[in-house]
Amino acid sequence: MPGYFATMLLPVLRGREFQFTDDARGPGVAIVSERAARLYWPHEEAVGKRIRFGAGEWLTIAGVVRNAAQRDWAAAPSPEVYLAALQNEGFLRSPRSPYLTLVARASGDPAASVSAVRNAVWAIDRNLPVSEALTMQDVVETATARPRFEVFLLTLFAAVALLIATAGLHALIVFSVSRRVHEIGIRISLGATGTDVVLTVMRQGLVLALIGSLAGAGGALLLTRLMEGMLFGVHPADPWTYAAVAGVLTISALVAAYIPARRAASIDPIAALRQE
């Protein structure tokens with residue numbers, strides 16, 4: 001119907017939207033998605049071209065609209081053709097089309113407008129049943145419920161793995177410092193400051209984090225191919241994502257190494273040398 005694309009915030013890129021003059025008395029028209037225009041007329045202007053379905057009448061392309069996600073929010077958009085409802089009364093009344101979807105845009109809370117939409121429909125025909133009144137937010141949440149749950153689980157597992165890795169790195173550095181007490185005592189005796197000792201220990205943590213980041217990046221490049229269905233607008237090899245993860249690992253390594261580094265800096269060199 002006229003006004004559909006404006007209601008759904010699907011901009012008309014070229015040509016025009018359906019009008020009320022596009023009825024059974026006017027020439028047949030259709031509107032195609034941007035994907036359909038590029039697929040069927042890759043090096044030509046789609047507006048003005050003609051298409052038909054089987055042996056049906058020829059329809060002139062009146063406009064090109066932006067792609068819409070209809071069935072799969074993460075997959076590439078499918079080529080689509082929109083037909084003028086006012087030119088398809090026979091189809092609308094066909095038993096094969098037992099229901100219609102009415103979309104309405106409202107200001108404020110859209111759920112509060114459901115009763116007003118029902119009353120508008122019943123003002124036309126009191127016997128028309130109105131069911132499954134959903135807001136667009138409900139539609140989006142339903143369509144993305146499974147991937148959002150999967151991403152939540154992966155995020156939870158990743159957080160647990162990060163905590164375990166941080167704890168393990170902390171324990172490893174504590175063990176390393178305990179084995180290097182004599183060495184650290186000699187360094188302090190020769191003039192090393194507390195800052196020098198802290199930097200030495202934390203450098204060890206950074207080296208371990210760098211090795212883990214490189215190994216993790218290699219594994220992620222292989223595993224993210226299996227997660228493409230859960231990624232929306234993000235490439236599996238997105239460099240910014242890998243840089244952010246490496247930054248988080250670096251910060252975790254610094255946190256894990258800081259406490260044992262401070263303890264190492266406070267070692268008494270006399271007591272450390274006596275241990276030997």
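Other residues, nucleotides and ligands contribute at most 12 non-hydrogen atoms within 6.0 Å of the CZ atom of Arg146. More than 12 heavy-atom neighbours from other residues, nucleotides or ligands sit within 6.0 angstrom of CZ on Phe5. Within 6.0 Å of CH2 in Trp240 there are 12 or fewer heavy atoms belonging to other residues, nucleotides or ligands.
In summary, Glu44 and Lys49 engage in a salt bridge, as defined by a charged side-chain N under 4.0 Å from a carboxylate O.
Partners of Arg203 by side-chain hydrogen bond (donor to acceptor under 3.5 Å, both in side chains), not counting sequence neighbours: none found. Partners of Arg50 by side-chain hydrogen bond (donor to acceptor under 3.5 Å, both in side chains), not counting sequence neighbours: none found. Taking Glu34 as the reference, Arg38 meet the side-chain hydrogen bond (donor to acceptor under 3.5 Å, both in side chains) condition, with sequence neighbours excluded.
Two residues are said to be in side-chain contact when any heavy atoms from C-beta on lie closer than 4.5 Å; Leu59 and Val29 fail this criterion. Counting heavy atoms from C-beta outward, Tyr40 and Val81 have side chains that stay 4.5 Å or more apart. Using a 4.5 Å cut-off on side-chain heavy atoms (C-beta onward), Trp122 and Asn127 make no contact. Put simply, the side chain of Ile31 does not reach to within 4.5 Å of the side chain of Val64, judged on heavy atoms. The shortest distance between side-chain heavy atoms of Glu80 and Arg35 does not fall below 4.5 Å.
The main-chain N or O of Val65 is never found under 3.5 Å from a side-chain atom of Glu17 such that the two would form a donor-acceptor pair. A distance-only check finds a donor-acceptor pair linking the side chain of Thr135 to the backbone of Asp138 [under 3.5 Å].
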- Query: Do Leu249 and Leu162 pass the side chain to side chain contact (heavy atoms under 4.5 Å, CB included) test, and can you show the C-alpha distance, the side-chain angles, and the key distance before you say yes or no?
  - Reply: CA-CA 8 Å; Leu249 290 177; Leu162 180 62; 3.8 Å; yes

- Item | side chain to side chain contact (heavy atoms under 4.5 Å, CB included) between Leu154 and Phe149, worked out | CA-CA 9 Å; Leu154 288 175; Phe149 179 69; over 6 Å; no

- side chain to side chain contact (heavy atoms under 4.5 Å, CB included) evaluation trace for Arg148 with Glu141: CA-CA 9 Å; Arg148 284 191 294 111; Glu141 289 181 355; 3.7 Å; yes

- Query: What's the verdict on side chain to side chain contact (heavy atoms under 4.5 Å, CB included) for Phe18 and Leu86, showing C-alpha distance, side-chain angles and the deciding distance?
  - Reply: CA-CA 9 Å; Phe18 290 128; Leu86 297 178; over 6 Å; no

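Between the CD1 atom in Ile51 and the OG1 atom in Thr60 there is a gap of 9.5 Å [rounded to 0.5 Å]. Between the CZ atom of Arg118 and the OG atom of Ser131 there is a distance of 8.5 Å, given to the nearest 0.5 Å. Here Glu150 contributes atom CD and Thr155 contributes atom OG1; the two are 11.5 Å apart, rounded to the nearest 0.5 Å. Rounding to the nearest 0.5 angstrom, the gap separating the CG atom in Leu254 from the CG atom in Leu169 is 9.5 Å.
Nearest heavy-atom pair, Pro42 versus Leu39, reported as atom, atom and distance to 0.1 Å: CD-O, 4.0 Å. Smallest separation of non-hydrogen atoms from Ala104 and Val117: CB-CG2, 4.2 Å. The two atoms that bring Ser78 and Ser33 nearest to each other are O-OG, 3.9 Å, heavy atoms only. Between Ala85 and Met1, the shortest heavy-atom contact is CB-SD, 3.9 Å. When all heavy atoms of Gly3 and Thr7 are compared, the pair lying nearest together is O-OG1, 2.8 Å. Residues Ser252 and Thr166 share a closest heavy-atom pair of CB-OG1, 3.5 Å.
Residues Val103 and Val140 share a single hydrophobic cluster, defined by chaining ILVMFWY side chains whose heavy atoms lie under 4.5 Å apart. Both Trp41 and Val47 belong to a single network of hydrophobic side chains, linked directly or stepwise wherever heavy atoms of I, L, V, M, F, W or Y lie under 4.5 Å apart. Taking hydrophobic clusters as Ile, Leu, Val, Met, Phe, Trp and Tyr residues chained together by side-chain heavy-atom distances below 4.5 Å, Leu10 does not share a cluster with Leu13. There is a path of hydrophobic side-chain contacts, each under 4.5 Å, that joins Val32 to Phe53. In the hydrophobic clustering of this structure, Leu128 groups with Leu102; members are Ile, Leu, Val, Met, Phe, Trp, Tyr whose side-chain heavy atoms approach within less than 4.5 Å, directly or through other members.
Ring geometry for Tyr4 versus Tyr82: interplanar angle of 30 to 60°, hence tilted.
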